[in-house]
Amino acid sequence: MELYQDIDLQDCPLCHGPGMIEEENGWCLYVTCLDCGCRTAELSFSTPEERLAAAKQAARFWNVGKVIHTGVGD
């Protein structure tokens, strides 16, 4: 996780809970809310440079409110 320490994440755009960058088996990552479970789209990567770029892009999506919530009505 030290790779992501310099990436600024705002609070969740839906519930204002904390967000966290999650990585899936070394091929994609996304930002998710630890309280309500909403998240950004999965961004794939194949190199360390793409991994960092994907993390920064996921953070941009999160910070502007582009999230998916699979709650009631969605």
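As the structure is a computational prediction, the values presented were derived from the model and not from experiment. Sequence positions, counted from 1, serve as the residue numbers for this chain.
- Without hydrogens or angle criteria, Trp62 side chain to Thr32 main chain gives no donor-acceptor distance under 3.5 Å.
- In this structure the side chain of Phe61 never reaches within 4.5 angstrom of the side chain of Val31, judged on heavy atoms.
- Residues Met20 and Glu22 are in side-chain contact: their nearest non-hydrogen atoms beyond the backbone lie under 4.5 Å apart.
- Taking 4.5 Å as the limit, some side-chain heavy atom of Cys12 sits within range of a side-chain heavy atom of Cys36.
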One pair to check against side-chain contact (heavy atoms from CB on, under 4.5 Å): Val67 and Leu14. What are the steps and the verdict?
CA-CA 9 Å; Val67 296; Leu14 297 179; 4.2 Å; yes
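- The closest side-chain heavy-atom distance from Phe45 to Leu52 is not below 4.5 Å.
- Take Glu42 and apply the salt bridge (Lys or Arg N to Asp or Glu O under 4.0 Å) test, not counting sequence neighbours, and it matches Arg39.
- Taking a 4.5 Å side-chain heavy-atom cut-off between Ile, Leu, Val, Met, Phe, Trp and Tyr, the cluster of Tyr30 contains only that residue.
- No side-chain donor-acceptor contact under 3.5 Å links Asn63 to the backbone of Ala58.
- We find the CD-NZ distance between Gln57 and Lys66 to be 8.5 Å, quoted to the nearest 0.5 Å.
- Using a 4.5 Å heavy-atom cutoff, the side chains of Cys28 and Leu43 are not in contact.
- The line from OG of Ser44 to CZ of Arg51 is 14.0 Å long, rounded to the nearest 0.5 Å.
- Annotation: side chain of Lys56 is in contact with side chain of Ile7 (closest heavy-atom distance under 4.5 Å).
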